[in-house]
Amino acid sequence: MSTLLTYISINDGKIKRSSLEVLSRCNELAEKHGLKSAALIIDQDPAPAAETLKKYGPSVIYTVKNPIFKNHLNTPLLKALSTAVKQINPRVVAFASTEGSKDILGALAANLNAAALADMSEFDLTDDGVKGKRPVMASKIISAVEAKGTPVVLTVRSGSYDVVEKQTDSSVESIDFAFNEDELKVTLKEIISASSDRIDLSEAEAVIAAGRGVKDEEGRKLISELASVLNAGIGASRALTEGGAYDPSLQIGQTGKVVSPQLYIGVGISGAIQHVAGMANSKVIVAINKDPDAPIFDIADYGLVGDLYKVLPPFIEELKKIKQN
Amino acid sequence: MKFYVCIKQVPDVNAPLQIKDGQLVQDADRNILNAYDASSIEEALVITEAHGGEVEAVLIGPEKAKETLRKALAMGADSGTHIVTSGDEHYDSFAYAKILATFFKDKEYGYILCGKQSQDTDSGLTGSMLAEMLNLPYSTNAVGLELKDDHIVVKRQGDTGQEMIELASPGLVTCSNDMNDPRIPSLKGIMQSKRKPVNTVALSDLNAGISEADTKTNILSFEEKPEREPGKKYEGEPEEIARQVAQLLDTEENVI
Ligand SMILES: Cc1cc2nc3c(=O)[nH]c(=O)nc-3n(C[C@H](O)[C@H](O)[C@H](O)COP(=O)(O)OP(=O)(O)OC[C@H]3O[C@@H](n4cnc5c(N)ncnc54)[C@H](O)[C@@H]3O)c2cc1C
Ligand SMILES: Nc1ncnc2c1ncn2[C@@H]1O[C@H](COP(=O)(O)O)[C@@H](O)[C@H]1O
């Protein structure tokens, strides 16, 4: 029986929610088309994640274990993926769209002489491949696309599908893999990480995004206060990551990250299409901007027209009160 | 060291566009240099200005796309290659990568730079496909590059932070527009660009052997994005609207 294979992304030992979204979609498709849904974990220590994964419905969990997978590095990851795919021979290899999967998708497709579809917002199987939808033109429009052949490799935008739990008796099969570090022509020297207690933006339930209107230390303080009341991740527009006020990894949008929280609050952000490309899928959008004609108000559910320095203090105070009750 | 920069002409996403019968209708006069490629050119120029070397821009596209190659030369690239297509074909990233791989087969270089993605399609595939086809080590989503003796150190934006990666030469890097602020060509640059060498190659003469099977994905149609229901604007006393919306987020939306 042919297989739909979901690659499971793990950060700091934790399975990324977006991978479970993709796995849930593959479970659903497998059932609909009479196929098998399987998962693939490539990690220095895949066992704990494999155990967790049994709650999410794959019939087989393939693991590749090697200390080299402690940090992301494309050469060994690519080799492991290509080994696993050749062994499993799946119809589809699906990834959550992350910086890690974007790094290897094209190379994997070239290696397997396979079709690749990036950043899908929807996908389904056809008789001889995959069809689906993806946003284009800075997410101004949607294009319907198809790919033919076996396998098709694809990445899926976070928030495109719901996570559905499904207890199964999954078997765990380990795949042999050896890697000679001398083959490496890429060497990871160092990871400069954003402070580790920060909430992962792409997974956060609430996101506060700061834009150029947040001018100074006082503004940034208000942003942190708001984020801490709501236990939200902090993101920023390009105007602020470019200027160095916020870490570049916090950029939301076409160049930056895609977020899909329950609540997004844009503060002093105009709503340029390239920013909106990364947050339009948020469930509830709140915008605070002093310009009543700012484009962000066209997509905001709640548009607060006013000076952020005047609006945020009472807003934070009121939220604190609500939280306390 | 020689740097090749792969550049693409793309439609300006800010130009008005229409969907007619599932097809995209755009103003062909509003095509631009892909923003991510402008950053690749800038970075190659900065490095070669500091350490010596040369920069060649490579573009696959119809006759009209030559203006974009000229822009790269006006920014400061030393030379260009234009691989000319009819403009009617619907190539995907795989097909472009294969054409580029054929072009690079017998070339010598330190590094090939690509954009991390096309601004119009956001595919982000060509760079790493090309690297794999040429069997080159590569790094994507670079936000910084530094040349150290015979290799470069790439700062790339990863999932957990910025990864500092040593990349051997020859290699390939895809660049983010977070890397730099590309220069605007000066008048002098524009004048000089007219005298710079451009090697024009017809795609058919390249013998890339592109067949139907090399375009592995197809665009079936384009659709409008589903509109969000317009929400409500709150204007007035900051204190009042702030408290009102905070309440609604709790009682109406249940997101607090
Ligand atoms: C290829 C490409 C990729 C890009 N990728 C991204 C991306 O990933 N993410 C991204 O964000 N951008 C991206 N951009 C940039 C984008 O086009 C915009 O330039 C950027 O989003 C603007 O940021 P901003 O809204 O903070 O600033 P501005 O557009 O300058 O808006 C600032 C807003 O703050 C308001 N304001 C000012 N003071 C106050 C105050 N005191 N109180 C309340 N409101 C106030 C103003 O009315 C204004 O609306 C990209 C651009 C390109 C070309
Ligand atoms: N027609 C082309 N000519 C030259 N380079 C191209 C072309 N198409 C894609 N590229 C390169 O690939 C990058 C984009 O990849 P992709 O997002 O897959 O289209 C661009 O930034 C270029 O560096």
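Every chain is numbered from 1 and lettered A, B, ... according to where its sequence line falls, protein lines coming before strand lines. Every heavy atom of this structure was used, including side-chain atoms; hydrogens, water molecules and symmetry mates were not.
- Ranked by non-hydrogen atom pairs under 4.5 Å with chain B, the options A:Arg238, A:Lys133, A:Gln274 are led by A:Arg238.
- Salt-bridge annotation for B:Arg228 and A:Asp298: absent, with no side-chain N of the basic residue lying under 4.0 Å from a carboxylate O of the acidic one.
- Proximity to chain A is limited to the side chain of B:Asp250, based on heavy atoms less than 4.5 angstrom apart.
- When every heavy atom of B:Glu224 is checked against every heavy atom of A:Ile142, the shortest pair comes out as O-CG1, 4.2 Å.
- B:Glu163 contributes atom CD, which lies 7.5 Å from atom CG of A:Asn71 (distance to the nearest 0.5 angstrom).
- Going from atom OG1 of A:Thr241 over to atom CG of B:Asp178 covers 5.5 Å, rounded to the nearest 0.5 Å.
- For a residue to count as touching a neighbouring chain, one of its non-hydrogen atoms must lie under 4.5 Å from one of that chain's; by this rule B:Asp92 does not touch chain A.
- Most heavy-atom pairs under 4.5 Å with chain A: of the set B:Ser123, B:Ser176, B:Gly124, this distinction falls to B:Ser123.
- Contacts with chain B were tallied for A:Arg134, A:Lys283, A:Lys257, A:Lys131; A:Arg134 has the most, counting heavy-atom pairs under 4.5 Å.
- When heavy atoms are compared at a cutoff of 4.5 Å, A:Leu105 approaches chain B by way of both its backbone and its side chain.
- For a residue to count as touching a neighbouring chain, one of its non-hydrogen atoms must lie under 4.5 Å from one of that chain's; by this rule A:Leu312 does not touch chain B.
- Looking at heavy atoms from C-beta onward, B:Leu249 lies in side-chain contact with A:Phe315 at the 4.5 angstrom threshold.
- Of the atoms belonging to B:Lys98, not a single heavy atom falls under 4.5 Å from chain A.
- Ranked by heavy-atom pairs shorter than 4.5 Å toward chain B, the options A:Thr187, A:Ile141, A:Val130 are led by A:Thr187.
- Listed options A:Glu242, A:Lys148, A:Gln251 were ranked by heavy-atom pairs under 4.5 angstrom with chain B; first place goes to A:Gln251.
- Contact annotation for A:Ala280: both backbone and side-chain heavy atoms come within less than 4.5 Å of a heavy atom of chain B.
- Contact annotation: the side chain of A:Thr255 approaches that of B:Lys116 to within less than 4.5 Å [non-hydrogen atoms, C-beta and beyond].
- The parts of A:Thr98 that come within reach of chain B are both its backbone and its side chain, each placing non-hydrogen atoms under 4.5 angstrom from that chain.
- A:Glu99 and B:Asn141 form a side-chain donor-acceptor contact under 3.5 Å, judged by distance and modelled atom types alone.
- To the nearest 0.5 Å, atoms CE (B:Met129) and CG (A:Leu108) are separated by 9.5 Å.
- Both the backbone and the side chain of B:Phe222 come within contact range of chain A, each with at least one heavy atom under 4.5 Å from a heavy atom of that chain.
- Taking CD1 of B:Ile256 as the reference point, atom CD of A:Glu318 lies at 10.5 Å (rounded to 0.5 Å).
- For B:Gln244, no part sits under 4.5 Å from any heavy atom of chain A, backbone or side chain.
- In this structure, chain A has heavy atoms under 4.5 Å from both the backbone and the side chain of B:Ser221.
- The residue among B:Val153, B:Asn14, B:Thr174, B:Val10 with the most heavy atom pairs within less than 4.5 Å of chain A is B:Asn14.
- Heavy atoms closer than 4.5 Å to chain A are found in the side chain of B:Leu24, but not in its backbone.
- Inter-residue side-chain proximity for B:His151 and A:Lys185 is flagged as unmet; no heavy-atom pair is nearer than 4.5 Å.
- For the side-chain contact (heavy atoms from CB on, under 4.5 Å) criterion with B:Val245, the lone passing option out of A:Leu319, A:Leu304, A:Val311 is A:Leu304.
- Looking at A:Phe297, the atoms closer than 4.5 Å to chain B (heavy atoms on both sides) all sit in the side chain, from C-beta outward.
- With a 4.5 Å cut-off on non-hydrogen atoms, A:Ile285 touches chain B through its backbone and its side chain both.
- With chain B as partner, the option from A:Gln262, A:Lys140, A:Gln254 having the largest number of non-hydrogen pairs under 4.5 angstrom is A:Gln254.
- Heavy atoms closer than 4.5 Å to chain B are found in both the backbone and the side chain of A:Asp103.
- Per-residue heavy-atom pair counts under 4.5 Å with chain A were compared for B:Asp120, B:Leu248, B:Val255, B:Asn218, and the maximum is reached by B:Asn218.
- Contacts between B:Gln26 and chain A at a heavy-atom distance below 4.5 Å involve the side chain alone, from C-beta outward.
- Residues B:Glu239 and A:Pro314 approach most closely at CA-CG, 3.8 Å, considering heavy atoms.
- The residue among B:Asn177, B:Asp122, B:Leu125 with the most heavy atom pairs within less than 4.5 Å of chain A is B:Asn177.
- Contact count against chain B (heavy-atom pairs under 4.5 Å) is highest for A:Pro248 among A:Pro313, A:Ala118, A:Pro248, A:Ser9.
- At a 4.5 Å heavy-atom cutoff, the contact between B:Tyr138 and chain A is made by backbone and side-chain atoms alike.
- Note on B:Ala246, B:Ala168, B:Pro137: by heavy-atom pairs under 4.5 Å with chain A, the leading option is B:Ala246.
- With a threshold of 4.5 angstrom between heavy atoms, B:Thr215 does not approach chain A through any atom at all.
- Side-chain atoms of B:Thr217 and A:Val145, non-hydrogen and from C-beta on, never get closer than 4.5 Å to each other.
- When each of B:Met133, B:Gln117, B:Glu227 is scored by its heavy-atom pairs under 4.5 Å with chain A, the top score falls to B:Gln117.
- Proximity to chain A (any heavy atom under 4.5 Å) is restricted, for B:Leu17, to the side chain, taken from C-beta onward.
- In this structure, B:Gln157 and A:Ser249 have side chains that are in contact, with non-hydrogen atoms separated by less than 4.5 Å.
- Using a 4.5 Å cut-off between heavy atoms, B:Ala95 makes no contact with chain A at all.
- Side-chain contact between A:Asn113 and B:Lys216: present, with at least one pair of heavy atoms (C-beta onward) separated by less than 4.5 Å.
- Both the backbone and the side chain of A:Ala138 come within contact range of chain B, each with at least one heavy atom under 4.5 Å from a heavy atom of that chain.
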